[in-house]
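Worksheet: the structure to be examined is printed underneath.
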Amino acid sequence: MNLKNFKIDLKNKKRLIPQVLTISFIIFVIAYFSYNAQINMGNRGISFGYGFLSQEASFDITFSMIDYDGSYSYGRAFLVGLLNTLLVSIIGIILCTVLGVTIGIGRLSQNYLIAKAAEWYVEIFRNIPLLLQIFFWYYGALRLLPLPENAISFSDISYLTIKGWYVPKFIWTNFSIFLSSVVVSIFAIFYVFNYAKKQREEIGKHVPAGFISLGIIIILPMITFLVGGVSLNFQYPELNQLSDTVYNFKGGVSIIPELISLALALSMYTATFVAENVRAGIEGVGKGQKEAAASIGLTRGQILKLVVMPQALRIIIPPTTNQYLNLTKNSSLAAAIAYPDIVLVFAGTALMQTGRAIEIISITMGTYLFLSLTISVLMNSYNKKMAIKEK
Amino acid sequence: MIKSIKTWILVGFASLLLVACGQSGGGAGSKKSKTLENTKKAGFVKCGVSQGLPGFSNADASGNWTGIDVDVCRAVAAAVLGDADKVKYTPLSAKERFTALTSGEIDVLARNTTWTLSRDADIGLTFVGVNFYDGQGFMVRKNSGINSVSDFKNGISACTNTGTTTELNMRDFFNSKNISYEPIAFEKADEVVQAYDAGRCDTYTTDKSGLAAQRTKMSNPDEHKVLPETISKEPLGPVVRQGDAVWEDIVRWSLNTMIEAEEYGINSSNASSLKDSENPAIKRLVGSEGELGAAFGLDNEWSLRIIEQVGNYGESYKKHIADTGILPNRGPNQLWTKGGILYVPPAR
Ligand SMILES: N[C@@H](CCC(=O)N[C@@H](CS)C(=O)NCC(=O)O)C(=O)O
């Protein structure tokens, strides 16, 4: 017994040696390079260190989701940039998924017009470089919008101008109570779905989980308004004169044109790839499956939802994960149109003001790596859930 | 993106270079200059300029660079290589400029760059002098009814370049006036101009020289004006990498030569005829007395070539800044002998 084990160990060791050697070599190279870099930076009077992160940034940022102004630190500026990157990526991912799925299904439509339109969409937006599309939206489309005094008004509650899209500001009282009711609703919905599944599998009874959930998510938060002391007021944007010819909107929230153009360009571009994945996924489900489903009397909608999609998703998800990753990385094109993402704010302005190139670029690369890996992990676990479970 | 990729590559380059050069960098005190040797070997001066700022560094349709910043590089080329045209220009955004210099992509940065303590002391750079005394100002539309910075109100949006002193001064200024403002910072000057021109922002702020120069690029220059106030000091000057004292001196004294030449009335057309002037200061500048060039390993005609091929500071200013209508008045950029603050140490 012992002897046997020993033999196996020896075998493993033989295989281990080249690996250990390779790893030590890599470590040696990295150590050598860092050591040299340090000495040379020293020679050139460049210091190295991450201490600057706590220094005052002293530059302002157009748009931030957390409290920030120049009196905060570079570390805080990094966070502002990171959150802005996340914001545009999340908006982009949601929009591109909705758009991509619609177009992907549209391409398979029996309606010639819809199918052709979807095909054209994909061909056009996939083949124009993304940067150009960003420029198109920013310098082309959004720059044609009127000045605030001639704003395009949406029933006087929301205004579209060259300086941005002004929407009403939500002013909550007891927002936390409202938020908890939403969280509770979501848990309740999970429970309902589980229950419906059990009922279906065990006694074959159909529970209208969708309707019930809709009811929960509407009614429960409503109750907090009635008895929980929650209230929501809107502060509407108002035209405000700054000088003879200079106007802006006061009150309300301004969605800056830089964010709008970037989100539009990213999602419309990425949607083409998502659409192609969706199409491939649906087409990848055997024809026999659909015919079998039709023969037991399922409607077209039911076939898509119950038979085709669950199988198609397994084909769709892996390449779509890639597209989400691409979208996130592509959001760094923000710098071209002054959207304050992590590259513009941190790898741009902060780098320039501090001169800490190596430190800042390493942090930024690390951040993107972390974001990518996180998305991958999330999507992989979703994919696992979707995979066929052998019973 | 193209730009930011470039920055990343430059940074990569910087780190590689730091590694590659080993410990062999020309230390202070040694008479040898690695940069000088490399420049002679390459046959051109590697010069970083702006991406197009009329009067300072601007390329015409056929790619010829002109401007008073460009003339600093031309002066170095004339001194070192004997020909002012032997310069390779690299256009850089404000954000890229210092990385390009520390990484060795360029050897001289002549790009309307403000001399500040942290830039000089903290990031491996050395400023060699000032070739334009400037200050930050604001541009607004003439019909805006804004006639001075005291007319600014809460909510005003201001466009500028990212990675500049401008961005920092702007904050100091609005803070001190207690005005809330929307800052929009673009990487390229042209993007700022376009944004301001289209109405994305209400005011455009940068160095006053920059405002005057960029105004010429607007769709209708007459519709805009520069407010009278100056909110900062912006001494603009050429920059070199830290650690090569000889190269630093060459660039410094190339600029000084142009300024001192004007002081002594030496210009591109009379320089060679002044070789046997009565005045020893003039004779030193045109190379007929003393051995000044030897101090940094150059021949004795280095300064004569600068004056002959590039001209003195006054000629350069007149040609690029005054005659082009950018800033006809020299203001502080006049010799100290004529009421300005241009004052350089003597070449002797
Ligand atoms: N002097 C300031 C600002 C320099 C700056 O970049 N100014 C802009 C506006 S005048 C510019 O030169 N842009 C030209 C370009 O981007 O090529 C500094 O050194 O930070």
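Naming convention: chains lettered A, B, ... in sequence-line order (proteins, then strands); numbering from 1 in each chain. Below, each value reflects all heavy atoms present in this structure, side chains not excepted, and no hydrogens, waters or symmetry copies.
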I'd like to know if the side chain of [X] pairs up with that of [Y] as donor and acceptor (distance under 3.5 Å, no hydrogens or angles considered).
X: A/Tyr138; Y: A/Arg143; answer: yes
X: A/Tyr139; Y: B/Gln194; answer: no
X: A/Ser73; Y: A/Ser54; answer: no

With only heavy atoms counted, which part of [X] is less than 4.5 Å from chain A, the side chain, the backbone, both or neither?
X: B/Thr164; value: backbone
X: B/Ser157; value: side chain
X: B/Asn175; value: neither
X: B/Phe98; value: side chain
X: B/Arg119; value: side chain
X: B/Glu182; value: side chain
X: B/Ala94; value: backbone
X: B/Asp151; value: backbone
X: B/Ala185; value: backbone

Measure distances from [X] to the heavy atoms of chain B and classify the residue's part below 4.5 Å as side chain, backbone, both or neither.
X: A/Thr354; result: backbone
X: A/Asp60; result: both
X: A/Ile162; result: both
X: A/Ile134; result: neither
X: A/Ile61; result: backbone

* Would you say the side-chain atoms of A/Gln241 pair up with the backbone N or O of A/Tyr247, donor to acceptor, closer than 3.5 Å? -> no

* Structure fact -> B/Asp134 and B/Gly210 have their tightest heavy-atom pair at OD2-N, 4.4 Å

* Do B/Arg141 and B/Tyr196 meet the cation-pi criteria used here (NZ or CZ under 6.0 Å from the six-membered ring centre, within 45° of the axis)? -> yes

* **Heavy-atom pairs under 4.5 Å with chain B, option from A/Ala57, A/Gly164, A/Gly70 with the top count** => A/Gly70

* Structure fact -> Most contact-rich option vs chain A, by heavy-atom pairs under 4.5 angstrom, among B/Ser118, B/Ser144, B/Gly145, B/Ala198, is B/Ser144

* Structure fact -> Heaviest contributor of heavy-atom pairs below 4.5 Å to chain A, chosen from B/Cys201, B/Gly199, B/Cys159, is B/Gly199

When the aromatic ring centroids of [X] and [Y] are compared, is their separation below 6.0 Å?
X: A/Phe125; Y: A/Tyr269; result: no
X: B/Phe138; Y: B/Phe152; result: yes
X: B/Tyr181; Y: B/Phe174; result: yes
X: B/Tyr204; Y: B/His224; result: no

* Validation row: A/Met65, A/Val80 side chains within 4.5 angstrom (heavy atoms) -> no

